[in-house]
Amino acid sequence: MPPAHSESILITGASRRLGLYNAKKCLEAGFHVIATYRHRTKGIDELEQAGALVLPVNMDSPEEVAGLIAQIEQSTSSLRAIIHNASGWLSDSENPEDSEPLDTLFRVHMQAPWLINRSLYPLLQKCRGTADIIHMTDYNALRGSIEHAAYAATKAGLESLTRSFAKMYAPKVKVNAIAPYLIIMNEGDHVMAEEGTLPVPPMGLEPGEDVIWQTIDYVMKNSYVTGTTLSVDGGMSLK
Ligand SMILES: NC(=O)C1=CN([C@@H]2O[C@H](COP(=O)(O)OP(=O)(O)OC[C@H]3O[C@@H](n4cnc5c(N)ncnc54)[C@H](OP(=O)(O)O)[C@@H]3O)[C@@H](O)[C@H]2O)C=CC1
Ligand SMILES: Nc1nc2c(c(=O)[nH]1)N=C([C@H](O)[C@@H](O)CO)CN2
């Protein structure tokens with residue numbers, strides 16, 4: 001178990017890949033971790049065994065988000081950081097009359113962070129030093145996407161909330177976004193890579209999860225960075 005005095009970090013969507021990796025890095029750094037998941041995985045078991053408080057929540061449900069907030073308020077007296085990592089990689093619907101996945105991704109990428117940041121701000125204020133909110137957005141948030149327009153739009157909304165919360169919460173709480181290009185491939189990327197249709201950054205593909213942890217660590221250690229979106233894109237913006 002981490003030291004009782006260690007500060008708490010809330011990270012959402014910690015069941016796999018980047019969320020799981022960065023939750024483990026927070027534990028290694030000596031923080032007490034509160035990790036949320038939707039579907040329990042071996043990774044969540046590992047986090048719990050390492051001393052993290054693991055809490056189930058579907059961020060698509062405002063009622064479940066309210067329940068999560070209440071559980072966090074009962075489990076810690078302060079928060080050092082909130083990392084909004086939970087996200088749905090959902091393709092747009094073929095049906096022009098269907099407003100999914102826009103509705104779902106609005107709730108997951110914007111409404112849930114909105115509710116959590118505003119409700120847990122008092123816990124961030126009780127942090128010994130400066131606290132942090134970090135939003136995981138995306139290289140394509142402001143560029144748009146042909147097949148993931150709802151995903152890109154709601155990530156762009158989250159980037160806008162980054163700047164609004166940064167204005168509201170300074171100087172006690174810094175608020176920043178991290179906008180990666182492709183850090184870890186998923187099914188569709190492997191197909192595109194094999195077909196040669198996946199755009200490759202000047203620094204190459206798949207840098208590994210640690211480049212995101214390095215950015216989180218930098219943001220949390222820098223007392224003067226707020227309201228920014230930090231690109232972690234291998235130079236894609238140069239192309
Ligand atoms: N991987 C990459 O290359 C890139 C990632 N990003 C961003 O970085 C972050 C991490 O990416 P990555 O690890 O690939 O993401 P994944 O899609 O692999 O995992 C997302 C996490 O969010 C959780 N989640 C999804 N929907 C919900 C929901 N409705 N309620 C609660 N939790 C939910 C998932 O839980 P469950 O497993 O239970 O569904 C999972 O733990 C995301 O915000 C992503 O948008 C941005 C650009 C590139
Ligand atoms: N929630 C997720 N968001 C994103 C993912 C992912 O797997 N889950 N993957 C990417 C990659 O950049 C890539 O799949 C885009 O082609 C973007 N966001």
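Throughout, numbering of the chain's residues begins at 1 and tracks the sequence. Counting starts at 1 for both ligands and their atoms, in listed order. Please read these numbers as outputs of a predicted model, since none were measured by experiment.
Taking every non-hydrogen atom of Tyr181 and a distance limit under 4.0 Å, the qualifying atoms of ligand 1 come out as 3 (O), 4 (C), 47 (C), 48 (C). Close approach to Asn58 involves these atoms of ligand 1, each under 4.0 Å from a residue heavy atom: 28 (C), 29 (N), 30 (N). Which parts of ligand 1 touch Met59 is read off a 4.0 Å heavy-atom cut-off, strictly below it: atoms 28 (C), 29 (N), 30 (N), 31 (C). Near Val57, meaning under 4.0 Å from one of its heavy atoms, ligand 1 places the atoms 30 (N), 31 (C). Interface of Asp138 with ligand 1, defined as ligand atoms under 4.0 Å from a residue heavy atom, comprises 46 (C), 47 (C). The atoms of ligand 1 that sit less than 4.0 Å from any heavy atom of Val108 are 29 (N). When each atom of ligand 1 is checked for a heavy atom of Thr137 under 4.0 Å away, the hits are 7 (C), 46 (C). Within ligand 1, the atoms closer than 4.0 Å to a non-hydrogen atom of Ile184 are 1 (N), 2 (C), 3 (O), numbered from 1 in the order shown.
In this structure, Thr104 does not count as a contact residue of ligand 1, since none of its heavy atoms falls inside 4.0 Å of the ligand. For the ligand labelled ligand 1, residue Tyr21 lies outside the 4.0 Å heavy-atom shell. The shortest heavy-atom distance from Lys155 to ligand 1 is under 4.0 Å.
Ligand 1 has an N or O atom lying under 3.5 Å from an N or O atom of Arg17, backbone or side chain. Polar contact with ligand 1: absent for Gly88 (N/O pair, distance under 3.5 Å).
Closest protein heavy atom to atom 8 (O) of ligand 1: Met136 CE, 3.6 Å. Distance from atom 38 (O) of ligand 1 to its nearest protein heavy atom, with residue and atom name: His39 N, 2.8 Å. In terms of protein heavy atoms, atom 5 (C) of ligand 1 is closest to Leu18 CD1, 4.0 Å. The protein heavy atom nearest to atom 17 (O) of ligand 1 is Arg16 NH2, 3.5 Å. Here the heavy atom of the protein found nearest to atom 10 (C) of ligand 1 is Asn85 OD1, 3.1 Å. For atom 3 (O) of ligand 1, the nearest non-hydrogen atom of the protein is Ile183 N, 2.7 Å. Here the heavy atom of the protein found nearest to atom 39 (O) of ligand 1 is Arg38 NH2, 2.7 Å.
For Lys25, the salt bridge (charged side-chain N to carboxylate O under 4.0 Å, His left out) test picks out Glu28, Asp210, with sequence neighbours left out.
More than 12 heavy atoms of other residues, nucleotides or ligands shown are found within 6.0 angstrom of NZ on Lys172.
With Asn176 contributing its side chain and Thr229 its backbone, the two residues share no donor-acceptor pair below 3.5 Å. The backbone N or O of Ala156 lies less than 3.5 Å from no partner atom in the side chain of Ser160, so there is not a single donor-acceptor pair. Under a 3.5 Å cut-off, the side chain of Thr36 and the backbone N or O of Gly13 do form a donor-acceptor pair. At least one donor-acceptor pair closer than 3.5 Å links the side chain of Asp92 to the backbone N or O of Ala149. Here the side chain of Thr41 pairs a donor or acceptor atom with the backbone of Ser15 at under 3.5 angstrom. Using a distance-only test at 3.5 Å, with no hydrogens or angles considered, a donor-acceptor pair links the side chain of Arg80 to the main chain of Thr130.
Checking each of Tyr151, Trp114, Trp89 against His109 for a ring pair (Phe, Tyr, Trp, His ring centres under 6.0 Å) leaves exactly one that passes, namely Tyr151. Between Thr154 and the options Thr104, Leu105, Thr137, a side-chain contact (heavy atoms from CB on, under 4.5 Å) holds for only Leu105. Screening Asp103, Val108, Val65 for a side-chain contact (heavy atoms from CB on, under 4.5 Å) with Asp60, the sole residue that qualifies is Val108. For the side chain to side chain donor-acceptor pair (under 3.5 Å) test with Lys174, the passing option among Asp132, Thr226, Asn222, Thr228 is Asp132; the others fail.
Using cut-offs of 30° and 60° for the angle between ring planes, the His84 and His135 rings count as tilted.
Comparing Gly43, Gly13, Pro180 by heavy-atom distance to atom 21 (C) of ligand 1, the nearest is Gly13. Around atom 20 (C) of ligand 1, the closest heavy atom drawn from Ala86, Pro56, Ser15, Ser87 belongs to Ser87.
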Check ligand 2 for close polar pairs with the protein: N or O on both sides, less than 3.5 Å.
from     : atom 1 : to     : atom 2 : distance (Å)
ligand 2 : 1 (N)  : Ser87  : O      : 3.3
ligand 2 : 1 (N)  : Ser87  : OG     : 2.9
ligand 2 : 3 (N)  : Tyr151 : OH     : 3.4
ligand 2 : 7 (O)  : Arg17  : NH2    : 2.8
ligand 2 : 7 (O)  : Asn186 : ND2    : 2.9
ligand 2 : 9 (N)  : Asn186 : ND2    : 3.4
ligand 2 : 14 (O) : Asn186 : ND2    : 3.0
ligand 2 : 14 (O) : Asp189 : OD1    : 3.2
ligand 2 : 14 (O) : Asp189 : OD2    : 2.7
ligand 2 : 16 (O) : Asp189 : OD1    : 2.7
ligand 2 : 18 (N) : Asp138 : OD2    : 3.4
ligand 2 : 18 (N) : Tyr151 : OH     : 2.8

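With hydrophobic clusters built from ILVMFWY side chains whose heavy atoms lie under 4.5 angstrom apart, Tyr139 does not share a cluster with Leu142.
No hydrogens or angles considered: nothing links the side chains of Ser6 and His32 as a donor-acceptor pair under 3.5 Å.
A salt bridge links Arg107 with Glu100; the closest basic N to acidic carboxylate O contact falls under 4.0 Å. Ion pairing between Arg40 and Glu48 holds under the 4.0 Å rule for side-chain N and carboxylate O.
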